[in-house]
Each structure stands twice: as structure tokens, then as C-alpha cells.
Amino acid sequence: MVATATDFTAEREAMVERQLRRRGITDGKILDAFLAVPREAFVGAAYAHLAYGDHPLPIEAGQTISQPYIVALMIEAAAIEVGDRVLEVGSGSGYAAAVISRIAAKVVGIERQHELVEVARGRMRRLGYDNVDIVEGDGTRGCAAEAPFDAILAAASGSHVPDPWLEQLSECGNIVMPVGQPGWVQELIKVTKRPDGTVERQNLGGVRFVPLIGEEGWKNA
Ligand code: SAM
């Protein structure tokens, strides 16, 4: 018998059912997006068998791919709709950007580590996710060339909400990001830009993320 590549479909379906739907993520378009993206393709071969575990995993450049549930929670909180333009700051492996791209019209993923930019771009190409652009740079400054965005999500914990994100956010758009000291439990927040330009801020609970390093974030030690 000829050996074939491992089929992860059953594991992916079980992840969506147990980790997402049973924990209260019920929006069909979010669940379908997770069913469409092969998470095993976003981690190194040595971790592929762990790709559907209920936890983050190590990726290149000493970084992590976030726990699927947290990615889903952030997408739900950001209220991403079909046709939206989304900025994902800290695109890392490219997994969250890929999932968002199955809902939104356009995703710009921005990442400061060159190695991760290269691997994520290769994955988007191989998987045919041609509505995702991976940009290299300091995401705390947003991406003015591609603004405005209906939603901005950050996969790294900042010291505050960067001003450029508020400037680049559409009216009624949402920012979902962790805020707080590196190495501690941080607060996941949702910031909504009201039509009069003021903002509404909600706390969504405790999370743990790597630091958001940049001009409007923490300084690199
Ligand atoms: N969304 C990613 C995924 O699906 O794999 C998670 C990546 S990891 C939790 C967070 C990433 O944020 C790291 O790759 C890190 O290099 C990146 N990062 C930290 N500060 C950044 C900044 N100012 N601009 C862009 N990326 C940043």
C-alpha cells in the first residue's frame, strides 16, 4: 500500500466542535472558516500531529501560533463580516490571517520578524489564499497604505491602543487586542469607534500573549 499524507479532517472537525462550538462560538461563518483552514500547514512538521490541540504551539523565530479558541473569540468580538477589510497585527504563522480571509474580503497581516513574513507568504501562496497580504514591519503603526480597516486584531499584547489604529479604523469598526505587561495575564479589550469619533471600550477577560514590540508598543529589551 502506498503511504499517503496524514488526513487531519476528522481532527479539524473535532476541534471545531469541542473547542469552539461547545464553548459558545456558534456563528456558522466563523466555524466554517476554521473548518476550511488546515492548521497543520501553519506549524512545522514536528508539530503537525499536535496542530488541533487546545493550546498554542511554538512556531519559527521563537514565537507561537495562538490557541484556536482565542483566535475564534477575537474574530467573534471583532464582528468581522463578509466583505470587510481586516488588519491582523502579529500575523506570525499566518494561521489567524488565513482563517479571517475565509470570511473577510481582504486581510492585511503585518509581522515584524522577517522569517515569519517569508514562511507565511509561502503558505498563502501554496494554499491559494490570494486575498491575504503579509507585510513586514512595525504593526503598532498600522498600515496606512491599506487603510481604512473594518477591524484590527492584534496577536500580541500592547501597552495601550496605538493612535494609528484608531486613525485607520472605519466608523463603527472594532479593535480587538490584549493590553498589559508582558509575562503577566493581560486584558483582552474591544474598542469600537463611534460615528462621532469617540470610542467605547469593553474588557473581554484575561489572556496571555507575547509582547507587541514597536514604536507604539513595548520597547525591545
Ligand atoms: N496570529 C499569529 C498566528 O496565527 O500564528 C500569532 C503570532 S504570535 C502570538 C504574535 C506575533 O506578533 C509574533 O510573531 C511577533 O513577532 C509579532 N509582533 C510583535 N510585535 C509586533 C509588531 N509591532 N508588529 C508586527 N508584529 C509584531
Side-chain angles (χ1 to χ4, degrees), residues 15 19 30 33-34 36-44 47-48 50-53 55-75 77-78 80 86-104 107-124 127 129 132-144 146 149 151-165 168 175-183 186 188 207-221:
M15 177 273 280
Q19 298 174 34
I30 299 179
F34 277 87
V37 178
R39 195 166 193 262
E40 69 278 9
F42 289 83
V43 295
Y47 291 102
L50 300 174
Y52 293 95
H55 43 68
L57 283 172
I59 56 170
E60 297 83 356
Q63 298 298 318
T64 53
I65 177 173
S66 306
Q67 179 190 11
Y69 174 66
I70 293 294
V71 178
L73 198 65
M74 292 178 71
I75 293 173
I80 294 170
V86 179
L87 177 66
E88 203 234 343
V89 178
S91 50
S93 70
Y95 178 69
V99 172
I100 296 166
S101 80
R102 302 303 84 198
I103 304 170
V107 184
V108 178
I110 185 159
E111 172 55 56
R112 63 187 286 272
Q113 305 247 23
H114 178 72
E115 183 184 358
L116 291 170
V117 169
E118 292 291 306
V119 292
R121 279 183 184 155
R123 285 167 183 154
M124 299 307 163
L127 292 163
Y129 297 156
V132 182
D133 278 349
I134 304 290
V135 174
E136 182 169 348
D138 175 8
T140 68
R141 297 159 67 182
C143 186
E146 297 281 355
F149 299 102
I152 300 176
L153 285 77
S157 182
S159 48
H160 61 280
V161 182
D163 282 342
W165 297 6
Q168 293 170 26
I175 294 171
V176 177
M177 69 176 294
V179 175
Q181 292 279 345
Q186 303 121 11
L188 188 65
V207 285
R208 275 190 88 120
F209 275 90
V210 299
L212 182 69
I213 295 167
E215 195 172 294
E216 290 247 10
W218 304 103
K219 303 299 165 231
N220 209 351

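Each residue takes its place number in the sequence, starting with 1. Order of listing sets the numbers, starting from 1, for every ligand and every atom in it.
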Chemist: Going by the angle between their ring planes, with limits at 30° and 60°, are Phe34 and Tyr95 parallel, tilted or perpendicular?
Modeler: perpendicular
Chemist: Which residues pass the salt bridge (charged side-chain N to carboxylate O under 4.0 Å, His left out) test with Glu146, not counting sequence neighbours?
Modeler: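 With neighbours one apart ignored, the set is Arg85, Lys106.
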Chemist: What residue pairs, at least two apart or across chains, pass salt bridge (charged side-chain N to carboxylate O under 4.0 Å, His left out) with a residue in residues 155-165?
Modeler: none
Chemist: Name all residues meeting the salt bridge (charged side-chain N to carboxylate O under 4.0 Å, His left out) criterion together with Arg112; count only those two or more places apart in sequence or in a different chain, and write none if there are none.
Modeler: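 Per chain and number, Arg112 pairs via salt bridge (charged side-chain N to carboxylate O under 4.0 Å, His left out) with no residue.
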Chemist: As a test of reading the model: which residues have a non-hydrogen atom less than 4.0 Å away from ligand 1?
Modeler: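 Lining ligand 1 at under 4.0 Å, by heavy atoms, one finds Gln63, Thr64, Ile65, Ser66, Glu88, Gly90, Ser91, Gly92, Ser93, Tyr95, Ala96, Ile110, Glu111, Arg112, Gln113, Leu116, Gly137, Asp138, Gly139, Thr140, Ala155, Ala156, Val210, Pro211, Leu212, Ile213.
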Chemist: For Ser159 and Glu216, which heavy atoms make the closest approach, and how far apart are they?
Modeler: OG-O, 4.2 Å
Chemist: Which heavy atom of Val176 sits nearest to which heavy atom of Leu188, and what is that distance?
Modeler: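 Looking at all heavy atoms of both residues, the closest pair is CG1-CD1, 4.1 Å.
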